[in-house]
Amino acid sequence: MIIIITLGKKEGSVKRADGRAFDELRPIKIEAGVLERADGSAYLEFGGNKVLVAVYGPREFHIRRFQKPDQAVVRCRYNMAPFSVDDRKRPGPDRRSVEISKITSEALAPAVFLEKYPRSTIDVFIEVLEAEGGTRCAGITAASVAMADAGIPMRDMVVACAAGKADDNVVLDLSEKEDKEGQADLPVAVMPRTGEITLIQMDGNLSSEEFEKALDLALEGCKKISEIQKDALKTRYGE
Amino acid sequence: MITVKDKDLVVPGEVLADEEYNSGRGTFREENKICSSVVGLVALRNKKISVIPLQSKYIPKRGDVVIGEITDIRFSMWGLDINSPYSGLLPASEVFGKEKRELERAFVIGDVLFLRVIDVDEVKKVKLGLKGRGLGKFRGGILINITPTKVPRLIGKKGSMINMIKDQTKCEIVVGQNGVVWVKGQPEMERVTEKVIKMIEEQAHTSGLTDRVRDMLMELVNGNSDNQKEDEDNLNENKDIKTSID
């Protein structure tokens, strides 16, 4: 008699290090309008991530050479607090945070009606208070809530979520451990109504089938987060 | 087909209706659907659907009356902060006519003016003017900033809300369409007015606001005088005690 041992490789029964199913998100909490001085703000908790976002603007752009005569410019600063990771992070911008700042502003800009505010700037400040994998996605998700809170006209709320491959399984929303020890990471930002993707990055290796699967998984995750974003805004101004 | 009701709270990107409706302010049309572009309340008028934003920046429009503070003096014009992404320009000719005079003689940095927007061009250069009834420089008083979309609520139907506040507090109040409010009166009444205006801003989207404002005014205006009386009474009592000790 032959006994086949599957070792839990069957899809659906895959258990991850933190006990989540392969398509399960970490718990999310979003609060809009937490800062008094900023035009718009949001606080987001996403698993072990804690992110605070402040938005100012549209406001006068003082750096003349960066102004655009026919539209507004979205500027973004992603910053990690020194105490956001286990080993103290040296404060100040580094290569990674400069990259994330750039891709965040490029992920948010397509959603905004920039042409309504020529020569002005919209400033987005993302502060990562605590990091546990997937901070860029958390930053984008929170930033678009903060922008809506600031009253900036937008086509849709951008929402971001990552998928990837860890322990040879394609999974949704990588935790820090899965991100570091896994085989691939695929953050995706999307405007859920039209399905337009405004950010997609990948590090690691995925076969084309795995990529398709990961992308579908990430888009599904985005849809779920999108509902939480909308609820956050509605509770801020709701009854 | 319509998916929302009047006065519903909507968020950016929410689908409001199909193409048979007309797209108004705060909405946009995309692939025969009308969607909201801001966080705000739905306003339905016949077949026109619009969204009143809960928060916004002032975008200058020709003909608006605004309150601005002088921040810059240039060769032949003043630069003003008008609580907007765009600064306003007041040409010297608007004040002096053809005469050539020093600009600092008329207005200095920090002066608060009540102005009219004469023209806004395609790159949002805002030209301001001082010609018209009631326009000019303010002396004294305090400034309060509110969200420009809430200005109509603060004024009320035919000025009902603002007149009620004026009557109760005996303050002079001027509201600019850019969301800047100038208030002058007794210092304690100025503070009461500020509180009331902030309350209106916070609760602008709720109904029955006028009644609540009336109640609040009654309490603050009359309550204040009561407190004063009490204070005076206390003082008198203290005096009495003192005299008795003596």
Interface check, chain B: of A:Ala150, A:Pro192, A:Pro69, most non-hydrogen pairs under 4.5 Å belong to A:Ala150
A:Ala72 versus chain B, the contacting section by heavy-atom distance below 4.5 Å: neither
Is it the case that more than 12 heavy atoms not belonging to B:Asn46 sit under 6.0 Å from its CG atom? no
With a 4.5 angstrom heavy-atom cut-off, could you sort out which part of A:Asp39 is near chain B: side chain, backbone, both or neither? both
A quick test of your reading: do over 12 heavy atoms of other residues, nucleotides or ligands sit less than 6.0 Å from NZ of B:Lys47? yes
Crowded around A:Lys116 NZ? As in, over 12 foreign heavy atoms under 6.0 Å? yes
Roughly how far, to the nearest 0.5 Å, is NZ of B:Lys33 from OG1 of A:Thr194? 12.5 Å
List the steps and the verdict of side chain to side chain contact (heavy atoms under 4.5 Å, CB included) for B:Gln55 and A:Asp149. CA-CA 7 Å; B:Gln55 174 94 41; A:Asp149 181 50; 5.6 Å; no
Using non-hydrogen atoms only, which part of B:Lys124 is less than 4.5 Å away from chain A: side chain, backbone, both, or neither? both
Within a 6.0 Å radius of atom CD on A:Glu212, are there more than 12 heavy atoms belonging to other residues, nucleotides or ligands? no
Paired with B:Tyr86, the side-chain contact (heavy atoms from CB on, under 4.5 Å) test is passed by just one of A:Arg119, A:Glu60, A:Arg59, namely A:Arg119
What distance do A:Tyr237 atom OH and B:Leu9 atom CG have between them, rounded to the nearest 0.5 Å? 9.0 Å
Rounded distance [0.5 Å steps], CG in A:Asp156 versus OG in B:Ser37: 11.5 Å
Restricting to non-hydrogen atoms, name the atom on B:Val10 and the atom on A:Lys234 that form the minimum distance, rounded to 0.1 Å. CA-CE, 4.4 Å
Mind ranking A:Ala148, A:Pro118, A:Gly151 by heavy-atom pairs under 4.5 Å with chain B and telling me who comes out on top? A:Pro118
Considering non-hydrogen atoms only, spot the tightest contact between B:Val38 and A:Pro153 and give its length. CG1-CA, 3.8 Å
When you check the gap from the basic side-chain N to the acidic O, do B:Glu14 and A:Lys230 get nearer than 4.0 Å? no
Is the NZ atom of B:Lys195 crowded by more than 12 outside heavy atoms at less than 6.0 Å? no
For atom CD of A:Glu115, is the number of surrounding heavy atoms from other residues, nucleotides or ligands below 6.0 Å larger than 12? yes
Sort A:Arg193 into side chain, backbone, both or neither according to what part of it lies under 4.5 angstrom from a heavy atom of chain B. side chain
Near B:Lys125 NZ, under 6.0 Å, is it more than 12 heavy atoms from other residues, nucleotides or ligands? no
Part of B:Leu41 lying under 4.5 Å from any heavy atom of chain A: neither
Answer yes or no: does atom NZ of B:Lys127 have more than 12 heavy-atom neighbours from other residues, nucleotides or ligands under 6.0 Å? no
Applying a strict 4.5 Å limit to non-hydrogen atoms, the region of B:Ser87 in contact with chain A is both
Is it the backbone or the side chain of A:Phe113 that comes under 4.5 Å from a heavy atom of chain B, or both, or neither? side chain
Taking every non-hydrogen pair under 4.5 Å, which of B:Gly26, B:Cys35, B:Ser56, B:Pro53 racks up the most with chain A? B:Cys35
Under 4.5 Å from any heavy atom of chain A, what part of B:Glu30 do you find: side chain, backbone, both or neither? side chain
